[in-house]
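Heavy-atom basis, side chains included; hydrogens, waters and symmetry copies ignored. Note that the coordinates shown come from a computational prediction; the quantities given were computed from them, not determined experimentally.
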Amino acid sequence: MAMPLRQTVRVGTYLMQQKLLKRRDKFPLIVELEPLFACNLACEGCGKIQHPAGVLKQRMPVAQAVGAVLESGAPMVSIAGGEPLMHPQIDAIVRQLVERRKYVFLCTNALLLRKKIDKFRPSPYFTFAVHIDGLRERHDQSVAKEGTFDEAVAAIKEAKRRGFRVTTNSTFFNTDTPQTVIEVLDYLNDELKVDEMMISPAYAYEKAPDQEHFLGVEQTRELFRKAFAGGNRKRWRLNHSPLFLDFLEGKADFECTPWGIPNYSLFGWQRPCYLMADGYVPTYRELVEKTDWSKYGRGKDPRCENCMAHCGYEPTAVLATMGSLQQSLRAITETVSAGRGR
């Protein structure tokens with residue numbers, strides 16, 4: 001992925017150790033950690049808060065959360081939910097992972113960020129990843145709460161002022177157009193000046209309230225092909241590998257690598273991926289060794305047909321980059337030219 005050069009080197013070294021030295025076929029690139037499912041929003045495309053009330057009240061103990069990441073061996077962890085800032089010990093989870101030199105991305109809608117920010121300290125190993133799904137009207141509509149966009153923007157500015165690294169995550173639906181994609185990414189890149197941006201076509205969560213506005217494969221390719229035109233793709237600080245961006249606009253096609261970004265939640269390790277729940281297992285080893293991975297992907301499972309989400313295809317793109325000298329040089333060149341060599 002296009003990330004700061006120090007992080008790129010660290011992750012590249014990890015990948016070479018797994019593939020070349022340990023000769024492992026399956027290993028995690030980043031763990032999706034969900035220490036709670038509760039949230040202070042009810043977003044249209046998310047099925048997490050549909051869990052029973054008893055589950056929504058649960059909070060994962062710090063030792064359990066940290067232990068799962070250490071068990072996997074992944075160099076990076078994305079803490080999601082629900083809303084992680086609602087966890088009373090989220091700062092302890094982050095602190096202990098950072099102390100172990102894990103790269104931590106705390107995914108948040110930012111409604112609590114300014115209130116909780118004193119619990120955290122800037123670190124090259126820590127990033128706030130704020131969800132921004134459009135400009136003011138579009139974003140507030142998608143999260144079903146007016147004023148959320150303005151609070152998120154204010155929180156991003158405050159976090160940047162205090163020296164934190166801040167990225168954004170934007171999900172796009174079939175109600176979006178190339179112009180709406182361009183407008184929000186221009187704003188985040190040029191005006192708000194976040195460090196990097198992640199983008200994703202919406203995935204059809206089975207329990208999401210809105211089931212009508214998920215993108216199909218051809219819709220996704222057309223949307224991003226047009227949005228990336230005119231040099232936008234090179235100009236924006238996108239937090240993705242070049243090959244994944246090729247994949248989004250239809251210049252390359254890959255099979256899914258669901259084990260590359262495994263999910264660990266209150267229920268355990270989720271099969272087969274962050275987006276589909278076909279049962280849970282207690283250990284990462286059991287997830288890797290006892291899941292029939294051959295059942296998943298386009299042409300194998302109908303739930304996978306329209307999925308182009310980063311959690312399945314970014315690992316494939318990263319491994320393809322690693323296996324090609326030309327693509328590796330391309331990724332390094334784009335990282336340095338975008339000013340990420342800090």
Determine the minimum heavy-atom distance between [X] and [Y], stating which atoms define it.
X    : Y    : value
P178 : L223 : N-CD1, 3.4 Å
G163 : P122 : O-CB, 3.5 Å
H310 : H240 : CB-CE1, 4.2 Å
L275 : C311 : CD1-SG, 3.5 Å
V130 : A152 : CG1-CB, 4.2 Å
W269 : T283 : CD1-C, 3.2 Å

Are the side chains of [Y] and [X] in contact, using a 4.5 Å heavy-atom criterion?
X    : Y    : answer
L215 : N174 : yes
D278 : P272 : yes
L192 : K157 : yes
D195 : T127 : no
E32  : Q270 : no
V31  : K102 : no
T171 : H131 : no
Y187 : I132 : no

Is the [atom1] atom of [X] crowded by more than 12 outside heavy atoms at less than 6.0 Å?
X    : atom1 : answer
R162 : CZ    : yes
R24  : CZ    : no
E71  : CD    : yes

Nearest-0.5 Å distance, [atom1] of residue [X] to [atom2] of residue [Y]:
X    : Y    : atom1 : atom2 : value
E183 : T180 : CD    : OG1   : 7.0 Å
K193 : R237 : NZ    : CZ    : 7.0 Å
W293 : K295 : CH2   : NZ    : 10.5 Å
N239 : N169 : CG    : CG    : 9.5 Å
E137 : E146 : CD    : CD    : 10.0 Å
F126 : L97  : CZ    : CG    : 10.5 Å

inquiry  = I need the single residue from V62, L36, L112, L85 that forms a side chain to side chain contact (heavy atoms under 4.5 Å, CB included) with I90. Which is it?
reply    =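 Of all the options given, the one that passes is L85.
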
message = Could you tell me if W236 and D186 have a donor-acceptor pair between their side chains, going purely by distance under 3.5 Å?
response = yes

key: Polar side chain donor-acceptor pair, N40 to E83, under 3.5 angstrom   = no

Answer yes if [X] and [Y] sit in the same cluster of Ile, Leu, Val, Met, Phe, Trp and Tyr residues linked by side chain heavy atoms under 4.5 Å apart, and no otherwise.
X    : Y    : result
M197 : M308 : yes
M198 : M76  : no
V181 : I199 : yes
F228 : L188 : yes
V153 : L185 : yes

task = Any chance you could lay out the side-chain contact (heavy atoms from CB on, under 4.5 Å) test for K290 and V281, step after step, and finish with the verdict?
result = CA-CA 9 Å; K290 296 187 178 181; V281 293; over 6 Å; no

query = Do F120 and F164 make the cut of ring centroids closer than 6.0 angstrom?
reply = no

request  = Could you please spell out the steps behind the side-chain contact (heavy atoms from CB on, under 4.5 Å) verdict for R298 and V217?
outcome  = CA-CA 11 Å; R298 288 202 211 111; V217 171; 3.8 Å; yes

inquiry  = My understanding is that only one of T257, T321, D253 makes a side chain to side chain donor-acceptor pair (under 3.5 Å) with T316; could you say which?
reply    = T257

query = Under 30°, 30 to 60°, or over 60°: which ring-plane class applies to F37 and F267, parallel, tilted or perpendicular?
reply = tilted

ask   = Stepwise, does the side-chain contact (heavy atoms from CB on, under 4.5 Å) test hold for V184 with F172?
value = CA-CA 11 Å; V184 68; F172 298 104; 3.9 Å; yes

ask   = Does E314 use its side chain to pair, donor to acceptor, with the backbone of S241 at less than 3.5 Å?
value = yes

ask   = Yes or no on salt bridge (Lys or Arg N to Asp or Glu O under 4.0 Å) for R233 and E249, after CA distance, side-chain angles and deciding distance?
value = CA-CA 11 Å; R233 173 176 156 173; E249 58 176 317; 2.7 Å; yes

query = So K116 and D91, salt bridge (Lys or Arg N to Asp or Glu O under 4.0 Å) or not? Walk me through it.
reply = CA-CA 9 Å; K116 304 278 188 174; D91 55 318; over 6 Å; no

query = Given L287 and R271, is the side-chain contact (heavy atoms from CB on, under 4.5 Å) satisfied, shown in steps?
reply = CA-CA 7 Å; L287 174 74; R271 287 174 167 159; 3.7 Å; yes

ask   = Given R225 and E222, is the salt bridge (Lys or Arg N to Asp or Glu O under 4.0 Å) satisfied, shown in steps?
value = CA-CA 5 Å; R225 183 166 57 246; E222 181 179 8; 5.6 Å; no

task = Please step through salt bridge (Lys or Arg N to Asp or Glu O under 4.0 Å) for the pair E196 and R165, ending with a clear verdict.
result = CA-CA 9 Å; E196 290 171 337; R165 189 168 182 269; 2.7 Å; yes

